[in-house]
Each structure stands twice: as C-alpha cells, then as structure tokens.
There are 2 protein chains.
Amino acid sequence: MVFEDITETFKALSDPTRQDILMRLRRRRMTPGKLATYFDISKPSLSHHLAILHRANLIDSERVGQKIYYSFNATVFYEIMNKFINSLKK
Amino acid sequence: MVFEDITETFKALSDPTRQDILMRLRRRRMTPGKLATYFDISKPSLSHHLAILHRANLIDSERVGQKIYYSFNATVFYEIMNKFINSLKK
DNA sequence: TTATTGTTTAGATAGTTGTCTAATTATCTA
DNA sequence: TAGATAATTAGACAACTATCTAAACAATAA
C-alpha cells in the first residue's frame, strides 16, 4: 500500500521553514516578498519552499498584477490528514 | 517558531516504507524478522526505518527473549498531530 | 562453550534536498 | 519601448537519507 499524495504532504510538512510559512499564511494571504521579510533565507530559497507547499496543495496562489498572493489551503490539509488517520483506524 | 518534535514526526511519516510499517503494526505488534517478510528491502534497511519511527516515538519496542516486538504508538501519534493542527488554528 | 537465530551497527555509495548567486520571466508605469 | 519591481528558474554544491554488504551484538539451545 502506497500513499503518493500523503507522502508528498508529509514531506512538505517536514521542514521547519515550511511549517513556519504555513503559520504565517494561516490568518492572511501574503506575497513571497512580504514573507521574505520574516525569514533569513534568500528569495529563491523561499520560492522553492512555496513551490513544494503548492505542489502538495497545502497553499493556493493568486496573481494580482505583479504580485502573487499565497494562502493556506486548510481544506486540503485536513482532507489528507484525515485520509491518513482513517487508514490507520481500519 | 520551530517544532522540533513535530518535524521529526513528519519526517518519520514522509517515507512510503515507514507508512507501510505503521499500517502493518496498527493491528498487532510484530518483530523485524516478521515485518521483513512483507518488504523487499534488506533487514538492516528495515531496522533503520524502525529506528527512525522509534526515535519519533511513533512505535514502541519490547524485547522478549531473542525477539523484539514493535507496536504502533497511537497515543503519541495523535498527540503530535493535534499539537500541529491546534497551532494552525490559533 | 559452540552453534543458531534475531537484530542492530559500521562503513560505503547513489540519490535527494536546501541553499546560494546569477539569469530569466512577468507585470506595471512612464 | 525602457525601466523598475516581483517572483521564479537554472545551475552548482554541501549536507542528508535510503540502501546495501559485512561485521558485531544479544539471547537461546545443544
């Protein structure tokens, strides 16, 4: 039994920087530029982390002009968590 | 904000082999020797995965003679999951 | 003690990941 | 179109991870 998307989700969640990004986005959407002010890493590194979170469907993105707003996707997060927890209960 | 133990938990969960190990252990405890019959990896590799799960407190171990029985620790699993989920809700 | 079974540790190696700088793409404004 | 701003992509590199074989450790039985 393999859980492709669950593995991707857990991998995305298993980095402190990405956990912190989710914390920052859990209340309000934010651009990479704004997010970068909270982290001591380069913008390309931050962009890399956002791409991983996005690929795992943990965040959504919306472009507004030059800016891209990222937001936490709680629905997908809970769906995947429940999927794994339920598979443990069976 | 950093979540040391949560990171260790997610890292432990982010490997398909380890997810599969937890599935195998969720109903009944099992020895590495027995577990090995279900996986196409060497026993040292399996032992390595068990050590990672054990360090993350996702499984418990009990030696009985020559054998060591590993079992899924659901309590710790749910505690850590809830800790992360609650920190997202705040 | 010696042999057997069960498991882990040691050491090596290929593949993956997080980071950086430099370059590129996308959008807006003058 | 040119210049400025926002963000990503490309390429390189060090650190980490999963895997293997061989060796070592632990417990039991002859």
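To find a chain, count down the sequence lines: A is the first, B the second, and so on, and within it residues start at 1. Treat the numbers as computed from the prediction; the structure is a model and nothing was measured.
To the nearest angstrom, C1' of C:dT19 lies 14 Å from CD1 of A:Ile21. Nucleotide C:dT19 holds its C1' atom 11 Å from the CG atom of A:Asp15, rounded to whole Å. Taking atom CG of residue A:Asp40 and atom P of nucleotide C:dT19, one finds them 11 Å apart after rounding to whole Å.
With sequence neighbours excluded, the residues satisfying salt bridge (Lys or Arg N to Asp or Glu O under 4.0 Å) with B:Arg29 are B:Glu62. Residues passing the side-chain contact (heavy atoms from CB on, under 4.5 Å) test with A:His48 are A:Ile52, sequence neighbours excluded. Take A:Asn73 and apply the side-chain contact (heavy atoms from CB on, under 4.5 Å) test, not counting sequence neighbours, and it matches A:Asp60, A:Thr75, A:Val76. Residues satisfying the side-chain contact (heavy atoms from CB on, under 4.5 Å) criterion with B:Ser14, sequence neighbours excluded, are A:Phe10, A:Lys11, A:Ser14. For the side-chain hydrogen bond (donor to acceptor under 3.5 Å, both in side chains) test, residues two or more places apart in sequence or in another chain that qualify with B:Ser45 are B:Ser42.
Residues in residues 55-74 of chain A take part in these ring-ring contact (aromatic ring centres under 6.0 Å, His included) pairs, two or more places apart or across chains: A:Phe72-A:Phe77. Sorted by first then second residue, the salt bridge (Lys or Arg N to Asp or Glu O under 4.0 Å) pairs that include residues 33-46 of chain A, not counting sequence neighbours, number zero.
The distance from atom CD1 of B:Ile68 to atom CZ of B:Arg63, rounded to the nearest 0.5 Å, is 4.0 Å.
Along DNA chain C, the nucleotide closest to A:Val64 and the one closest to A:Ile41 are compared, and the more 5′ of them pairs with A:Ile41. Of the two residues near DNA chain C, A:Ser45 and A:Lys11, the one whose nearest nucleotide lies more 5' is A:Lys11.
The side chain of A:His49 lies closest to C:dT19 when the candidates are C:dT19, C:dT21, C:dG18.
Within 4.0 Å of B:Leu35, counting heavy atoms only, lies no atom of the nucleic acid at all.
Contact footprint of chain A on DNA chain D: nucleotides with an atom under 4.0 Å from a non-hydrogen protein atom, first to last in 5' to 3' order, D:dT5 to D:dT9.
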- Query: Base, backbone or nothing for each nucleotide of nucleotides 4-11 of chain C, written B, S, -, heavy atoms under 4.0 angstrom, 5' to 3'?
  - Reply: -BSSBB--
